[in-house]
Protein chains: 2
Amino acid sequence: MDYEKESELLKALGHPIRLKMVQGLMNDECNVNKIMDVLGIPQSTASQHLGKLKDKGILVARKDGVRTCYKIADDKVREIIKILEV
Amino acid sequence: MDYEKESELLKALGHPIRLKMVQGLMNDECNVNKIMDVLGIPQSTASQHLGKLKDKGILVARKDGVRTCYKIADDKVREIIKILEV
DNA sequence: TCGTTATATCTGAATATAACAATATTAAGA
DNA sequence: TCTTAATATTGTTATATTCAGATATAACGA
C-alpha cells in the first residue's frame, strides 16, 4: 500500500462537506452551482472543496459551456462510501 | 449517514502513520513499544496517534500489566483497509 | 461589445494538526 | 520501598486547513 497516497485520499474525504459532495455524486453528476445550493455554502467554499477532491483524483471535472460537471473518478471511493452508508 | 462522524473517522485514518498502524493491527494486536520500533517514531508520537485512533473508536485498548494492547474495534475500518490494499 | 452567469483563484484571519522533548503516571520486580 | 520499563500527558513550535469575501476568468446571449 502507498501509505502517503492512500492517506491523502482518506484525508480528502475526511471533511463533512466533501463527504456530502462525494456521496451526492454517487448517482448523478452535478454542477458547482447546484452543489452550493444543496449544501448552503458560499460559492468559493464549494469550489475550493471540489478543487481539493479533484486534486486528489477523487473527482474529475468536465466543462460544459459555463458549467462544470464533476463526477467520481475512483471506484475505491465508491466502495468506501458504500461501506459508510451501511 | 452521519457526515460529521464518518468524516472524522476518515480524517483519523487519513495520516500515513495512523494508516500504517491500523493496517499493522489487521492481523495481530500489538503494543506501543513494538509499533514505535516498527515505525521508527518517538514514543510520544506513537502514543498520540494511537490515542487519536482510540478516541475515534477505530481502536480499543486493553491493559495487560504495563503493556497496552490495541486492536481494531470497527469492522467498517477493516473493510476500508481491505479496499485500499487491493 | 456589454452584461450576466458560472466557476476559479487569491488573500488573510482563525483554527486545527503535527512533531517531539520533557515530564508524569502506573505496574511489576528486586 | 526503590528501580525500571511501558505508556500517557503536557507544552511548545511549526505547519496545514478552513472559511469566506474580493477579485479574476470564461462562456454565452442580447
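In what follows, chains are A, B, ... by sequence order, proteins preceding strands, each numbered from 1.
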What protein N or O atoms touch nucleotides 13-16 of chain C N or O atoms at under 3.5 angstrom, if any, and at what distances?
none

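- Between A:Ile35 atom CD1 and A:Lys20 atom NZ the span is 13.0 Å, to the nearest 0.5 Å.
- At least one donor-acceptor pair closer than 3.5 Å links the side chain of A:Gln48 to the backbone N or O of A:Ser44.
- For the atom pair CG (B:Asp75) and CD1 (B:Ile80), the distance works out to 11.0 Å, reported to the nearest 0.5 Å.
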Inset, instruction - Check the pair B:Tyr3, A:Gln23 against side-chain contact (heavy atoms from CB on, under 4.5 Å), reporting the backbone distance first and the verdict last. - result: CA-CA 10 Å; B:Tyr3 297 99; A:Gln23 196 199 24; 2.3 Å; yes

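- In this structure, the CG atom of A:Leu13 is 12 Å from the P atom of D:dT18, given to the nearest Å.
- At least one side-chain nitrogen or oxygen of B:His15 sits closer than 4.0 Å to the OP1 or OP2 atom of C:dA19.
- Atoms CD (B:Glu8) and C1' (D:dT17) sit 14 Å apart, rounded to a whole Å.
- Listed here is the closest heavy atom pair of B:Lys56 and B:Ala12: CG-CB, 3.6 Å.
- Atom CG of A:Asp55 is separated from atom P of D:dT17 by 11 Å (rounded to the nearest Å).
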Pairs: protein N or O with nucleotides 6-10 of chain D N or O, under 3.5 Å:
residue: D:dT7; atom: OP1; partner: B:Thr68; partner atom: N; Å: 3.0
residue: D:dT7; atom: OP2; partner: B:Asn33; partner atom: N; Å: 2.7
residue: D:dT7; atom: O3'; partner: B:Thr68; partner atom: OG1; Å: 3.1
residue: D:dA8; atom: OP1; partner: B:Tyr70; partner atom: OH; Å: 2.6
residue: D:dA8; atom: OP2; partner: B:Ser47; partner atom: OG; Å: 3.0
residue: D:dA8; atom: OP2; partner: B:Tyr70; partner atom: OH; Å: 3.4
residue: D:dA8; atom: N7; partner: B:Gln43; partner atom: NE2; Å: 2.6
residue: D:dA8; atom: N6; partner: B:Gln43; partner atom: OE1; Å: 2.8

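- As rounded to whole Å, 16 Å separates atom P of C:dT17 from atom CG of A:Leu10.
- Taking CG from B:Leu13 and CD1 from B:Ile58, the interatomic distance works out to 4.0 Å, rounded to the nearest 0.5 Å.
- Regarding contacts with the backbone of D:dT17, every side-chain N or O of A:His49 stays at 4.0 angstrom or more from both OP1 and OP2.
- The NZ-C1' distance, from A:Lys52 to C:dA8, rounds to 16 Å in whole Å.
- A donor-acceptor distance shorter than 3.5 angstrom exists from the side chain of B:Asn31 to the backbone of B:Lys34, with no hydrogens or angles considered.
- Between A:Lys56 atom NZ and D:dA16 atom C1' there is a gap of 11 Å when expressed in whole angstrom units.
- Looking only at distances, no side-chain donor or acceptor of B:Ser47 sits under 3.5 Å from a matching main-chain atom of B:Gln43.
- The list of salt bridge (Lys or Arg N to Asp or Glu O under 4.0 Å) pairs with a residue in residues 35-50 of chain B, not counting sequence neighbours, is empty.
- Rounding to whole angstrom units, CG of residue B:Asp64 and P of C:dA27 are separated by 12 Å.
- Taking atom CD1 of A:Ile41 as the reference point, atom C1' of D:dT18 lies 11 Å away to the nearest angstrom.
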